[in-house]
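Just follow the structure's listing: the first ligand is 1, and inside any ligand the first atom is 1.
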Amino acid sequence: MRVIPMSEESYLKQLEPSDAQEMFWLTDTNRQYLREWLPWLDYTRTVEDTAGFIQMTINQHNNNQGTHYGIWYKGRLAGTLGVHNLDWINRKTSLGYWLGAQYQGHGLMTQAVVSYMDQLVFGSWGMEKLTIQAATENGKSRAIPERLGFQLEGVLRRNEFLYDHFVDHAVYSMLRSEWEEFRSSKMD
Ligand SMILES: CC(C)(COP(=O)(O)OP(=O)(O)OC[C@H]1O[C@@H](n2cnc3c(N)ncnc32)[C@H](O)[C@@H]1OP(=O)(O)O)[C@@H](O)C(=O)NCCC(=O)NCCS
């Protein structure tokens, strides 16, 4: 399984079947907090459900459609991030992510997104464009692409159904050339 170092205390590791127990525990103990913005909590009731998701991400990887990584911090799983698929014809993809509530507020996800973009999206996969979508009211999620210099493309109205209501999505994008520019001007 591929590992991408982030700092002395943190790294990304491709999700693997043996992560199911820890990932389910993180999900289950953050259920109410995650449910505010993510649509899959009610379909994730047992460790077998999480194992099924991990197997789906492994199949995705085996089909050359990108994949999902766990974010490991001080030896524990803190969250995950991954692309939905890779559009090889148009060389674009979209990224989703979540952290356990106890791991928020330290820049962990921002750093994970940077590493994922450098190593995978604009690295191994050579994509031209990455999009991140977040509910317009989800300020913490929107802050990540904003912090990293993504451009706001617009708002998709009533774009996702979250249990009992629809939310609008803000769509952010980053082009390969913009990322190279941002990396050299802001992060070196
Ligand atoms: C979206 C989510 C991942 C954001 O988590 P987060 O902790 O705010 O994001 P980061 O880990 O990048 O940390 C950024 C925070 O750490 C602070 N920080 C500290 N050191 C930092 C550093 N070196 N770099 C960047 N930020 C740093 C930032 O100021 C910010 O804090 P603030 O919100 O008080 O301003 C998290 O809220 C979450 O999982 N929510 C539930 C699921 C969800 O909404 N998923 C997204 C669906 S689109």
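Residue-to-ligand polar distances place Leu108 within reach of ligand 1: an N/O pair is separated by less than 3.5 Å. For Met109, a nitrogen or oxygen atom sits less than 3.5 Å from a nitrogen or oxygen atom of ligand 1, counting backbone and side chain alike. Residue Gly105 has at least one nitrogen or oxygen atom sitting less than 3.5 Å from a nitrogen or oxygen atom of ligand 1, judged on distance alone.
Atom 48 (S) of ligand 1 has Ser141 OG, 3.2 Å as its closest protein atom, hydrogens excluded (heavy atom only). Summary of contacts: the protein heavy atom closest to atom 23 (N) of ligand 1 is His106 O, 4.4 Å. For atom 12 (O) of ligand 1, the closest non-hydrogen atom of the protein is Thr110 OG1, 2.5 Å. Ranking protein heavy atoms by distance to atom 26 (N) of ligand 1, first place goes to Gly107 CA, 3.4 Å. Leu99 N, 2.8 Å is the protein heavy atom nearest to atom 39 (O) of ligand 1. Here the heavy atom of the protein found nearest to atom 35 (O) of ligand 1 is Arg147 NH2, 4.4 Å. Ranking the protein heavy atoms by distance from atom 33 (O) of ligand 1 puts Lys140 NZ, 3.2 Å first. The closest protein non-hydrogen atom to atom 46 (C) of ligand 1 is Tyr97 O, 3.2 Å.
A salt bridge between Lys13 and Glu16 is present, with a side-chain N of the basic residue lying under 4.0 Å from a carboxylate O of the acidic one. Ion pair Arg176/Glu181 not flagged as a salt bridge, since none of the NZ, NE, NH1 or NH2 atoms sits closer than 4.0 Å to an Asp/Glu carboxylate oxygen. Remark: Asp168 does not engage Arg158 in a salt bridge, criterion side-chain N to carboxylate O under 4.0 Å. Taking a cutoff of 4.0 Å between a charged side-chain nitrogen and a carboxylate oxygen, Glu22 and Arg76 qualify as a salt bridge.
A side-chain donor from one of Asp87 and Asn90 sits under 3.5 Å from a side-chain acceptor of the other. For Ser173 and Glu153, the side-chain atoms include at least one donor-acceptor pair closer than 3.5 Å.
Here the shortest heavy-atom distance to atom 37 (O) of ligand 1, taken over Gln104, Arg142, Gln133, Arg35, belongs to Gln104. Taking each of Tyr33, Trp37, Tyr73 in turn, the one with a heavy atom nearest to atom 40 (N) of ligand 1 proves to be Tyr33.
Under 4.0 Å from ligand 1, not a single heavy atom of Ile132 appears. Contact annotation for Glu36 and ligand 1: no heavy atom of the residue comes within less than 4.0 Å of the ligand.
Using a 4.5 Å cut-off on side-chain heavy atoms (C-beta onward), Lys140 and Gln104 make contact.
Not close to ligand 1: Gln111, with no non-hydrogen atom less than 4.0 angstrom away.
Close approach to Trp98 involves these atoms of ligand 1, each under 4.0 Å from a residue heavy atom: 39 (O), 42 (C).
Smallest separation of non-hydrogen atoms from Tyr163 and Pro39: OH-C, 3.2 Å. Shortest non-hydrogen contact noted between Thr29 and Trp25 is OG1-O, 2.7 Å.
Side-chain N or O atoms of His106 include none that pairs as donor or acceptor with a backbone N or O of Tyr103 at under 3.5 Å.
The side chain to side chain donor-acceptor pair (under 3.5 Å) test applied to Gln65 returns no partner, not counting sequence neighbours.
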